[in-house]
Protein chains: 2
Amino acid sequence: MSNSTPATIEDVARIAEVSIATVSRAIHTPEKVATSTRLKVNQAIAITGYTTNAMARSLRLGRSNMILVVAPDIGDPNFSNILVGLENEARAHGYGVLIGHTQNDAQRGLEYLKFLNSNQAAGLILFTGILPFGHQAMTARLPPSVGVFEPVFNGGIPYVGVDDVEGARKAVDLLIAEGHRKIAFVGDSRTRLAYSRRRIGYDTGLDAAGVPRDRRIVMEGDGTIESGRLALEQLFMRDNLPTAFMCVNDQTAIGVMIGLKARGYDIPNDFSVTGFDDVPQASFMTPSLTTVRQPRTAIGKSAMALLLEMLSDGTPAETEILLRPDLVVRNSVAAPSTQWTRR
Amino acid sequence: MSNSTPATIEDVARIAEVSIATVSRAIHTPEKVATSTRLKVNQAIAITGYTTNAMARSLRLGRSNMILVVAPDIGDPNFSNILVGLENEARAHGYGVLIGHTQNDAQRGLEYLKFLNSNQAAGLILFTGILPFGHQAMTARLPPSVGVFEPVFNGGIPYVGVDDVEGARKAVDLLIAEGHRKIAFVGDSRTRLAYSRRRIGYDTGLDAAGVPRDRRIVMEGDGTIESGRLALEQLFMRDNLPTAFMCVNDQTAIGVMIGLKARGYDIPNDFSVTGFDDVPQASFMTPSLTTVRQPRTAIGKSAMALLLEMLSDGTPAETEILLRPDLVVRNSVAAPSTQWTRR
DNA sequence: GTGAAAGCGCTAACAA
DNA sequence: TTGTTAGCGCTTTCAC
């Protein structure tokens with residue numbers, strides 16, 4: 001059984017006493033084969049343990065049934081759930097999913113570009129705002145591609161994500177409803193499109209409530225825990241403390257919370273904090289984090305659906321699909337305290 | 001430049017005015033080609049933007065230069081660092097890495113088995129204690145394979161991980177040195193080999209200190225946050241509370257800490273808690289978690305090194321490589337309190 | 001040093 | 001309904 005070399009279509013043909021063409025047909029278009037022969041072939045397949053050599057098949061066909069998902073950071077807590085959505089949808093349509101991890105390294109990206117050039121993947125899902133292929137990006141011949149989570153900068157690649165503006169708006173609105181007027185925005189970034197959209201939600205929320213914008217409490221950040229903590233420290237060095245911190249994502253919020261706790265403050269009584277994403281950890285924090293939920297599995301599912309549609313239609317589909325974010329109210333927000341009490 | 005169809009070796013040959021054989025040689029064995037022709041070929045490659053079709057190449061060669069990493073759960077906080085180690089080592093030797101996510105689903109595993117059968121990957125890294133290929137596992141013709149993090153049950157696959165017994169031993173020893181005598185073990189499991197080894201470390205540590213084993217405070221668990229919390233609740237229902245919780249991994253420890261905090265206890269003054277793994281989150285907990293560090297990147301690196309060695313030598317290498325775990329002392333352990341004080 | 005040609009495993013005309 | 005055959009893009013003898 002467990003031979004040194006895998007069975008080929010020819011082995012099956014020999015045992016079933018038919019031609020290799022018939023074997024191929026028995027597998028892919030069984031209705032075009034006589035029932036009796038089909039049975040013989042199936043038997044032979046069972047005996048040999050034959051599996052179609054996907055590589056030869058793809059080479060012949062000029063296309064494969066694999067989708068490549070390229071991510072800069074596998075450890076991103078958002079990644080795994082989106083992936084599940086992508087995979088389920090792909091499988092339902094006979095496609096497999098392979099993951100490429102670039103670590104933001106163009107060299108690594110190139111490796112996957114070669115993979116694509118060999119038709120080893122029929123389509124591409126990009127989990128990043130930037131084409132990870134360095135300079136060759138422009139000259140690259142990409143298969144049908146869809147961005148996820150964040151729009152792709154370079155060129156007309158459709159994108160599926162959450163309505164960042166609306167999500168951020170829900171967070172500020174809550175803070176304002178609780179009575180906050182001095183709300184810091186932590187994690188502003190011009191390079192992360194999703195973040196700048198969240199910033200827009202923050203600005204418009206302030207405007208709508210007639211709260212004046214205050215640039216001094218808008219802090220830059222790259223979305224890491226460290227960046228949240230750093231921003232907090234900077235804020236403390238100035239004289240201009242807010243009563244609430246609206247963070248661009250949960251990681252940043254966690255950083256802010258750690259810094260606040262380290263300084264002995266109580267959340268939410270001294271300061272309120274909100275996040276964005278609703279990563280698993282958010283509900284396990286003390287206090288649990290009020291945040292905006294990304295429907296991750298749904299994003300994955302609908303991104304893959306879009307890609308598969310492009311694959312069959314060939315339509316360029318210059319779309320942007322925005323799903324609805326939900327506010328998840330937990331315990332990190334309260335009315336502002338009139339004065340801070342050090343514990 | 002960005003043509004509809006990628007350049008083939010024939011396009012290059014035509015432009016360079018040589019045969020395709022020469023192009024192939026110029027690429028793979030340049031020393032066997034006259035300098036002048038080599039130059040012409042390189043120029044033609046630049047013009048066409050040619051990349052070798054990896055699929056055709058692998059089909060011809062009967063082997064590829066990709067390594068498949070199969071993981072049941074991409075979201076595992078241990079995964080991403082090990083992956084980095086794997087990738088770096090692979091790249092240094094001209095191999096690429098592709099990730100297959102099985103979600104513990106045999107059907108999905110089968111998909112990757114087909115991938116392997118097509119020689120689309122030269123080797124396999126298994127990130128799980130179980131061959132993820134269901135029944136076909138036995139009849140499967142696997143390429144050289146290495147297990148990571150946890151030994152692989154079914155059959156002689158070499159494995160690289162941490163010395164679980166020693167690591168667990170370090171954790172109990174610390175607890176005992178602090179004065180604890182009643183130490184619960186949370187996360188016992190017969191299906192996870194790594195966990196049962198940690199249990200052994202716990203038992204031997206107790207024995208060495210002359211502390212009697214107490215089965216009633218050895219709690220089952222599957223290593224999730226929920227399992228930690230659940231075990232804690234069960235312990236509280238009984239009359240037999242420990243003064244310390246030695247958890248089989250950090251996730252479990254987090255679950256225990258959440259439960260303890262929810263009940264108003266103070267860590268480490270009321271109870272001590274230890275984990276295992278040192279996931280990123282461990283240092284951000286309040287209090288920060290005392291745990292046992294897995295040298296993840298090193299594990300990945302040495303697993304890949306072993307695999308590549310097998311690939312070139314063909315040696316079966318029936319090995320088990322165990323790296324040294326380090327105790328990371330943080331703030332979740334203290335001497336036992338003589339009496340508990342509800343806050 | 002270079003070219004012609006076989007063939008990796010498969011699918012899809014085209015014939016029969 | 002089934003078989004024969006060309007050819008996907010590539011590497012590698014074997015000639016020259």
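Just so it is clear, the structure is predicted and the values come from calculations on it, not from any experiment. In what follows, chains carry the letters A, B, and so on, assigned in the order in which the sequence lines appear, proteins first and then strands, with residues in each chain numbered from 1.
Ser24(B) contributes no side-chain N or O that, together with a main-chain N or O of Thr22(B), makes up a donor-acceptor pair within less than 3.5 Å. Checking side-chain atoms of Ser189(B) against main-chain N and O of Thr191(B) turns up a donor-acceptor pair under 3.5 Å.
Regarding Gln120(B), its CD atom lies at a distance of 18 Å from the P atom of dC8(C), rounded to whole Å. Between Arg63(A) atom CZ and dA12(C) atom C1' there is a gap of 12 Å when expressed in whole angstrom units. Put simply, CG on Asn119(A) is 15 Å from C1' on dC10(C), counting in whole angstrom units. The CG atom of Asn117(B) sits 16 Å away from the C1' atom of dC8(C) (whole-angstrom rounding).
Annotation for Leu124(B) and Ile67(B): closest pair N-CG2, 4.5 Å, computed over non-hydrogen atoms. In terms of heavy atoms, Pro151(B) sits closest to Leu193(B) at CG-CD2, 3.6 Å.
The stretch residues 19-28 of chain B touches DNA chain C through Ser19(B), Ala21(B), Thr22(B), Arg25(B), each having a heavy atom within less than 4.0 Å of the strand.
Sorted by first then second residue, the salt bridge (charged side-chain N to carboxylate O under 4.0 Å, His left out) pairs that include residues 67-91 of chain B, not counting sequence neighbours, are Glu111(A)-Arg91(B), Glu89(B)-Lys301(B).
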Could you go through nucleotides 7-9 of chain D and list every protein N or O atom that sits under 3.5 Å from one of its N or O atoms, giving the distance for each pair?
residue	atom	partner	partner atom	Å
dG7(D)	N2	Arg60(A)	NE	3.4
dG7(D)	N2	Arg60(A)	NH1	3.1
dC8(D)	O2	Arg60(A)	N	3.3
dG9(D)	N2	Ala56(B)	O	3.3

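Residues passing the ring pair (Phe, Tyr, Trp, His ring centres under 6.0 Å) test with Tyr195(B), sequence neighbours excluded: none. Every residue two or more places apart in sequence or in another chain that forms a ring pair (Phe, Tyr, Trp, His ring centres under 6.0 Å) with Phe79(A) is listed here: Phe127(A). For Tyr159(B), the ring pair (Phe, Tyr, Trp, His ring centres under 6.0 Å) criterion is met by no residue, not counting sequence neighbours.
Between Thr37(A) and the phosphate of dT2(D), there is a side-chain N or O to OP1/OP2 separation shorter than 4.0 Å.
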